[in-house]
Protein chains: 2
Amino acid sequence: MAGRGPDGVTRHRALIEASRLFAARGFHGTSTRDIAEAVGVRQPTFYRHFASKTAILAELLDADLLPALKRIRTALAAEAGPAVRLHAYLHTDVAAILRLPYDVRGLYNDDVLELPDLTDQATRREQMHHLTTTLVDQGIASGELIAIETDFVQHAITGLLLEVVRERGAAPSPAPEKRALEVADFVLRATLADPTRLPDIRQESANLSSRWNQPTAAPLSPGVS
Amino acid sequence: MAGRGPDGVTRHRALIEASRLFAARGFHGTSTRDIAEAVGVRQPTFYRHFASKTAILAELLDADLLPALKRIRTALAAEAGPAVRLHAYLHTDVAAILRLPYDVRGLYNDDVLELPDLTDQATRREQMHHLTTTLVDQGIASGELIAIETDFVQHAITGLLLEVVRERGAAPSPAPEKRALEVADFVLRATLADPTRLPDIRQESANLSSRWNQPTAAPLSPGVS
DNA sequence: CACATAGGCTATCGATCTATAGCTTTACGC
DNA sequence: GCGTAAAGCTATAGATCGATAGCCTATGTG
C-alpha cells in the first residue's frame, strides 16, 4: 500500500476531486485532508504531487483559462461578422468548459484570484474579460448588436457561464452541445439589433466553429488514457 | 473604551462588514476575527451580538431571501400578462438587491446552504427558484415567451443577478434603477416570442411596479437613521 | 445615587489546518 | 537482481480558528 511508481493517477484524481470540493465548499472551505481523503491517500501525500494548496488551484485555473484565451483569440481573428464570431465563440467556449473533466464552479467564486501566488491567473482572467469586451464592442460598432453597455454584456456572459457549469454539477454534462447552443442563442437574442437574423447567424456560426475544430483534433485526458 | 449601551451600531456594522468579507473571501475564508477587526472590536465581542459564525450568515441570507420571496409572490399574483409580470419582477428584484446595504455576492457561492444550521434558508432559496420557474412557465404556456427550457431561464436569471451584484462591488450601486431595467430588458429580449413587444411591456411593467411600490413605502436602515 | 444590563475586554481551550521531516515500500531501468 | 526514485506512510511543529469563561465599564432608569 505504498509507492506505486510514477503513473500520475493520484495526481490526476486529486485535480478532479479538488475541483469538486472547491465547487462544493469553496477553496478556503476545503482542506488538504479533504482532498487527500477523497483520493484515498493520507494528507501529507498531497504534498508529493503539489507544492502547496494554492498550487493545485493555480493548475485548475490554468486548465480553464489557457484554452479559453486561445478560443477568444481565435474568435477575434476569424473572418466573419462580429455577431457570427460572438455566437461561435460562446458556442465553442461553453461546450469546451462543459467537457472539462474538472468542476470549474468554485474556481472564480471568492476573490481567490487576489492571492499573491495567483497573479498570473488573475492577469489571464483580466485578458479574457478584455478580449470578450472587444468582441462585443466590434458587434456594437458594426451595428449588428444593439447599443448596449459592453460591460453589462460581459458580466451577463460571465454569469451565464458560471451558472451553466454550476447547474451541470460535478459530472461532465450529458449534453454539452445543446447547452452551449442555448447559451449562444440566449445572448444573441438579447443583443442582436435584428433578432430575425439569428437563424442565419447560427448557420454561419456552425460553419465557422466546425472549421476551428478540424485543424486541432487534439487528444485529451492527461495520465489515464 | 467599553460598554456603550444598547445602540446596536456594532451589530449593524458587523452585518455589513461580514457581507463584504464573505463576498471577498467566502464564508469559510472569513474568520470571526476578520469580522471583529473590520468593525473595530476584539474577536470575542462578536459573540455578544451573534450566537455563532453561522448565525450572522443566516441573518444576511434572510435579509435577502425574505423580501425576495415577497416580491416573487406579488409578481405571481399580479393582474397582468406573464411577460409583463416577469419584467416587473426582475426590475423590482434587481433594484431592491442593489439597494441593500449588504454585499450579497458571497452568500450563495459555496454550497454553504447545506450547513445544518441553514436548512430554513435552503428551503426559502428552493421556494424562490420554484416560484420563478412557475412565472416563466406561465409565460411559455401563454405563448408570450418562446419554448425555451424553463430551468435554463431560471439559471440564466440567477447568473445575471449574481453577476450584477458582483459587479457593483461593496458599495451600494450608483444607478440601481438603470441596471435593474437592463437586466429585465436583457432577459425579455432573449425570451420574448415577439421582441417588438418589448416597449409596450416596459410601459406596462413600469405601471405595475409603481403600483407595488405605492402601498408599502417602508423606511429602511435598522439602527443608524 | 444605586444598580441592572449592554457591550466591551483579556485569557485561554481544544480542534483543525498547512506544511515539513524522515522512514518505508513498490516499480522500473540497467 | 540491484539500486534509484516515485509515492506512500507516521509523527509533529506552528499557526489559526470558533467558542467560552470571567471580568470591567459606561449608560440609562428609578
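In what follows, chains are A, B, ... by sequence order, proteins preceding strands, each numbered from 1.
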Looking only at side-chain atoms of [X], point me to the closest of [options].
X: A:Thr10; options: C:dT10, D:dG8, C:dT18; value: D:dG8
X: A:Val41; options: D:dG8, D:dA19, D:dT10; value: D:dG8
X: B:Thr32; options: C:dT18, D:dG18, C:dG8; value: D:dG18

Please report, rounded to the nearest Å, how far the [atom2] atom of [N] is from the [atom1] atom of [X].
X: A:Asp34; N: C:dT16; atom1: CG; atom2: C1'; value: 11 Å
X: B:Leu21; N: D:dC17; atom1: CG; atom2: P; value: 12 Å
X: A:Ile56; N: C:dT18; atom1: CD1; atom2: C1'; value: 14 Å
X: B:Arg11; N: C:dT5; atom1: CZ; atom2: P; value: 20 Å
X: A:Ile35; N: C:dA19; atom1: CD1; atom2: P; value: 11 Å
X: B:Tyr47; N: C:dC13; atom1: OH; atom2: P; value: 17 Å
X: A:Phe46; N: C:dA19; atom1: CZ; atom2: P; value: 8 Å
X: A:Phe50; N: D:dA6; atom1: CZ; atom2: P; value: 16 Å

* Base, sugar-phosphate, or nothing for B:Ser31, non-hydrogen atoms under 4.0 angstrom? -> sugar-phosphate
* Just checking B:Thr54: base, sugar-phosphate only, or nothing, at a heavy-atom cut-off of under 4.0 Å? -> nothing
Tell me whether the OP1 or OP2 atom of [N] has a side-chain N or O from [X] closer than 4.0 Å.
X: A:His49; N: D:dA6; value: no
X: B:Thr45; N: C:dG7; value: no
X: A:Arg33; N: C:dT18; value: no

* Residue from A:Val164, A:Ile157, A:Val165 passing side chain to side chain contact (heavy atoms under 4.5 Å, CB included) with A:Leu161 -> A:Ile157
* Identify the residue among A:Thr132, A:Thr74, A:Val94 that makes a side chain to side chain contact (heavy atoms under 4.5 Å, CB included) with A:Tyr89. => A:Thr132
* CD (B:Glu126) with more than 12 external heavy atoms under 6.0 Å ->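 No, CD of B:Glu126 has 12 or fewer neighbouring heavy atoms, counting only those of other groups under 6.0 Å.
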* Asked: D:dG8 base to A:Arg48 side chain: any donor-acceptor pair below 3.5 Å?
  -> yes
* Side-chain ion pair, B:Arg99 and B:Glu177, N-O less than 4.0 Å -> yes
* Backbone N/O of A:Leu90 and side chain of A:Asp93: donor-acceptor pair under 3.5 Å ->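 Not at all, since once roles are kept as given, no pair shorter than 3.5 Å links the two residues.
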